Amino acid sequence: MLRSPFAEDPGLASDVFVTLGSLAEERGTDSAGLALLGDWPGLGGPGAGGASCRVVKGRGRFSGIWRPEFLPELDRAPVALGHTRWATQGSPAEADNASPMVVPGTAAAFSGTAGPSAGVVATHNGDVDAAGLRARFAPPPASGTTDSEPIFQLLAGCRTPSDVTGVLEALVGRVALAWVDRDRPTQVHLARGALSPLTVAVDTDQNIYWASNPRWFREAERHTRVRFATAVMLREGTYLRVGMESRPGRRDLPEVLATATFVPTARDTDIDPRVWTGFTRSDADSDRAGLLHRVVEREGGTGGLLTVA
């Protein structure tokens, strides 16, 4: 969630955030977590050592890690990230494998314009070819064993949309991402690569939210007092940077600050009905009709990449 600094009642957006976290349990209960990033414009950012950040995560359901005593801090946080995990790569028993992840800054190896960074706080839904990514870019040693961490190591330090899409086009597999640069704490990066769904919604107070399933926003309207002006599923190959600080130190309404497109790539084994777990048939059919990723085939379902369809 990216919170509008002008909303009269911050508790309304907080209610939606908690509701979305509970609804997201249908897509994973191996672990869950949340990150609350502080510092309104003018209080953090470059030169301030990165945004303050509280991360809470653990095994099991989102409702198991959420506590009502988090509400005052959530109400004050300009940005909040939530995540539920269905483990693919990396044991759910290891805390370092749960999200949101706090990944130290590093320069993306492929980019000539990437630079020093305070790091990122990030979430990933999906499953990518981590071995191929490590072989190609040689990121620093990871603290966990997931496929997510090397993605974030490469994204940390990216400064331009072309830097970001260079990383995103290198990913092979299912991927939907949300991340925050700690030295730009009022901006959020959102990206949908191949298959893993990502929906972005804006309420009537101009708070911006994201989640996997568009149905969850309809459910949130039933269970909270928030009304959404729009809720749109991103097409594959879409990158957005949203934020509330068009100039340093100034509070603005949240808006889209940058967009880019890229060509996502999936393995032939990535097509799985579970991608649309919890979707209505109408939402799932609509999303399937717009898929545009490339497909790579593997010899015998394992070996090296052979062809691109």
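Everything numeric here is computed off the predicted structure, so don't read it as measured data.
Thr199 and Asn213 share no side-chain donor-acceptor pair at under 3.5 Å. Side-chain contact of Thr280 with Ser282: a donor-acceptor pair under 3.5 Å is absent, judged by distance alone. Side-chain contact, His293 with Asp270: no donor N or O sits under 3.5 Å from an acceptor N or O. Checking Asp15 against His223 by side-chain atom types alone, no donor-acceptor pair falls below 3.5 Å. If you check the side chains of Arg294 and Thr265, you find a donor sitting under 3.5 Å from an acceptor. Under the 3.5 Å distance criterion, with hydrogens and angles disregarded, no donor-acceptor pair is assigned to the side chains of Asn125 and Ser196. Between the side chains of Ser63 and Glu25, at least one donor N or O sits under 3.5 Å from an acceptor N or O. Residues Thr160 and Asp163 bring a donor and an acceptor atom of their side chains to less than 3.5 Å of each other.
Both Leu154 and Tyr239 belong to a single network of hydrophobic side chains, linked directly or stepwise wherever heavy atoms of I, L, V, M, F, W or Y lie under 4.5 Å apart. Leu74 and Leu81 are members of different hydrophobic clusters when ILVMFWY side chains are connected at heavy-atom separations under 4.5 Å.
Counting heavy-atom neighbours within 6.0 Å of Glu8 CD, excluding the residue itself, gives a total of 12 or less. Residue Arg235 places its CZ atom among 12 or fewer non-hydrogen atoms of other residues, nucleotides or ligands, all under 6.0 Å distant.
Contacts of Trp216 classified as side chain to side chain donor-acceptor pair (under 3.5 Å), with partners at least two apart in sequence or in another chain: Glu26. Applying the ring pair (Phe, Tyr, Trp, His ring centres under 6.0 Å) test to Tyr209 and every residue at least two apart in sequence or in another chain returns Phe228. Every residue two or more places apart in sequence or in another chain that forms a side chain to side chain contact (heavy atoms under 4.5 Å, CB included) with Asp287 is listed here: Arg192, Met233, Trp276, Leu291.
Using a 4.0 Å cut-off between a side-chain N of Lys or Arg and a carboxylate O of Asp or Glu, Asp129 and Arg134 do not qualify as a salt bridge. Taking the charged nitrogens against the carboxylate oxygens, Asp205 and Arg3 have no contact shorter than 4.0 Å, which rules out a salt bridge. Salt-bridge formation is not detected for the pair Glu73/Arg76: no Lys NZ or Arg NE/NH1/NH2 atom is positioned less than 4.0 Å from an Asp or Glu carboxylate oxygen.
The main-chain N or O of Leu234 is never found under 3.5 Å from a side-chain atom of Thr238 such that the two would form a donor-acceptor pair. At least one donor-acceptor pair closer than 3.5 Å links the side chain of Asn207 to the backbone N or O of Ser4. Checked by atom type and distance alone, the side chain of Glu236 never pairs as donor or acceptor with a backbone atom of Ala194 at under 3.5 Å. At distances below 3.5 Å, at least one donor-acceptor pair connects side-chain atoms of Arg27 with backbone N or O atoms of Thr277.
For the pair His124 and Ser99, the minimum side-chain heavy-atom distance is 4.5 Å or more. Proximity of Val79 to Thr186: side-chain heavy atoms (C-beta onward) are nowhere separated by under 4.5 Å. Arg182 is listed as a side-chain neighbour of Val102, based on a closest heavy-atom distance under 4.5 Å.
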